[in-house]
There are 2 protein chains.
Amino acid sequence: MKPDQAVDKLAALAQVTRLRIFRLLVQAGPGGMNASAIAEAVDIAPSSLSFHIAHLSRAGLVAPRQEGRYIFYSADFAAMDELIAYLTDNCCQGGQCLPRTAAVATTAKRRAKAA
Amino acid sequence: MKPDQAVDKLAALAQVTRLRIFRLLVQAGPGGMNASAIAEAVDIAPSSLSFHIAHLSRAGLVAPRQEGRYIFYSADFAAMDELIAYLTDNCCQGGQCLPRTAAVATTAKRRAKAA
DNA sequence: TCGACGTTTCAACAAGTATTGAATTGTTGC
DNA sequence: GCAACAATTCAATACTTGTTGAAACGTCGA
């Protein structure tokens with residue numbers, strides 16, 4: 001992942017409303033939720049939801065799916081995984097660091113180790 | 001972790017310069033680096049570094065350590081781990097989701113599963 | 001086709017953020 | 001003590017972001 005992409009994703013999550021939306025969708029699972037249901041769940045105006053979900057979508061953290069006149073949004077779990085891998089990349093120059101962080105083994109890291 | 005704390009950490013990382021600083025420190029390991037060395041490595045003015053590192057420090061992502069007239073900063077790996085756990089918390093209502101994200105097992109998650 | 005509903009776009013404003021040079025604080029070694 | 005150096009604070013400026021209501025766009029069911 002390029003630094004700019006990581007920044008986009010982090011910036012998308014670095015806002016209370018958007019973080020609530022994202023976590024809501026993470027918990028909702030692959031099925032996702034439609035726009036107005038999300039707006040109601042996090043208690044914001046429809047236009048605010050549009051603004052924020054567009055932000056998350058641009059960052060590649062959520063994906064829209066049209067279904068009739070509803071638009072369902074769901075979290076992109078793979079993107080999340082890649083972001084986490086980026087943040088913990090080359091931790092302590094590949095050596096063992098503190099026990100807790102060493103335990104964070106994302107798919108990307110395990111791939112790298114296997115290669 | 002409280003939502004506001006998560007937002008603080010994410011906002012701290014959601015900026016090119018600060019992300020570079022943080023990753024530099026993650027890679028530097030527990031020993032960390034002193035302020036001017038960091039400023040030189042990421043090529044910014046000392047005052048800019050102060051601004052950004054204070055941001056990271058306030059968010060609890062890096063910790064300062066005075067050593068003579070130098071101040072060494074190092075990444076707080078535990079804080080990082082907690083942030084990651086927060087983001088993937090209750091993924092798909094605890095059920096299995098996509099294979100890749102399911103693989104992200106932070107210490108906090110494993111603790112929760114054991115309990 | 002028309003009214004109703006879900007969603008997005010727009011305009012405007014308030015609030016927050018990044019950057020820099022200059023000034024300041026604090027520590028070291030002579 | 002004092003000069004040299006490490007680091008932070010300050011002030012000023014340009015820029016970005018969040019919020020909202022009103023208007024517009026699309027899709028559906030009757």
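Per chain, numbering begins at 1; letters A, B, ... match sequence-line order.
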Separation of A/Glu40 atom CD from C/dC5 atom P, in whole Å? 15 Å
Decide whether B/Asp76 and B/Ser74 meet the rule of one side-chain donor and one side-chain acceptor closer than 3.5 Å. no
Would you indicate, yes or no, if D/dT19 has its OP1 or OP2 atom less than 4.0 angstrom from a side-chain nitrogen or oxygen of A/His52? yes
Aromatic ring pairing B/Phe51/B/His55, orientation class (parallel under 30°, perpendicular over 60°, tilted between): perpendicular
Can you tell me if A/Arg65 and A/Tyr73 form a side-chain donor-acceptor pair at under 3.5 Å? no
Could you tell me how far apart B/Phe51 (CZ) and C/dG21 (C1') are, to the nearest whole angstrom? 16 Å
Which is more 5' along DNA chain D, the nucleotide nearest B/Ile71 or the one nearest A/Gln66? Just name the residue. B/Ile71
Does a side-chain N or O from A/Ser48 land closer than 4.0 Å to OP1 or OP2 of D/dT19, or not? no
Any side-chain N or O of A/Asn34 less than 4.0 Å from the OP1 or OP2 oxygen of C/dG6? no
Figure out the CD1/C1' separation between B/Ile53 and C/dT19, and round it to whole Å. 17 Å
Using a cut-off of 4.0 Å on non-hydrogen atoms, how would the nucleic acid contact of B/Tyr73 be classed: base, sugar-phosphate, or nothing? sugar-phosphate
Looking at the side chain of B/Ser50, which of C/dA18, D/dT9, C/dG6 is the nearest nucleotide? D/dT9
Within the 4.0 Å heavy-atom criterion, would you say B/Ser36 contacts the bases, only the backbone, or no part of the nucleic acid? sugar-phosphate
Side-chain N or O of A/Arg69 versus OP1/OP2 of C/dA4: is the shortest distance under 4.0 Å? no
B/Leu49 CG to C/dT20 C1', in whole Å, measures 14 Å
In whole Å, what is the span from the CD1 atom of B/Ile44 to the C1' atom of D/dA7? 13 Å
Between P of C/dG26 and CD of B/Glu67, the distance in whole Å: 20 Å
Could you state the atom-to-atom distance from CG of B/Asp8 to P of C/dG16 in whole Å? 13 Å
Is there a side-chain contact between B/Ile84 and B/Met80, using heavy atoms and a 4.5 Å cut-off? yes
Which heavy atom of A/Ile71 sits nearest a heavy atom of A/Pro64, and at what distance? CG2-CB, 4.0 Å
First encountered from the 5' end of DNA chain C, between B/His55 and B/Ser47: B/His55
Given C/dA18, D/dA7, C/dT20, the nucleotide with the shortest approach to the side chain of B/Gln15: C/dA18
Can you measure A/Leu10 atom CG to D/dT16 atom P for me and round it to whole angstrom units? 19 Å
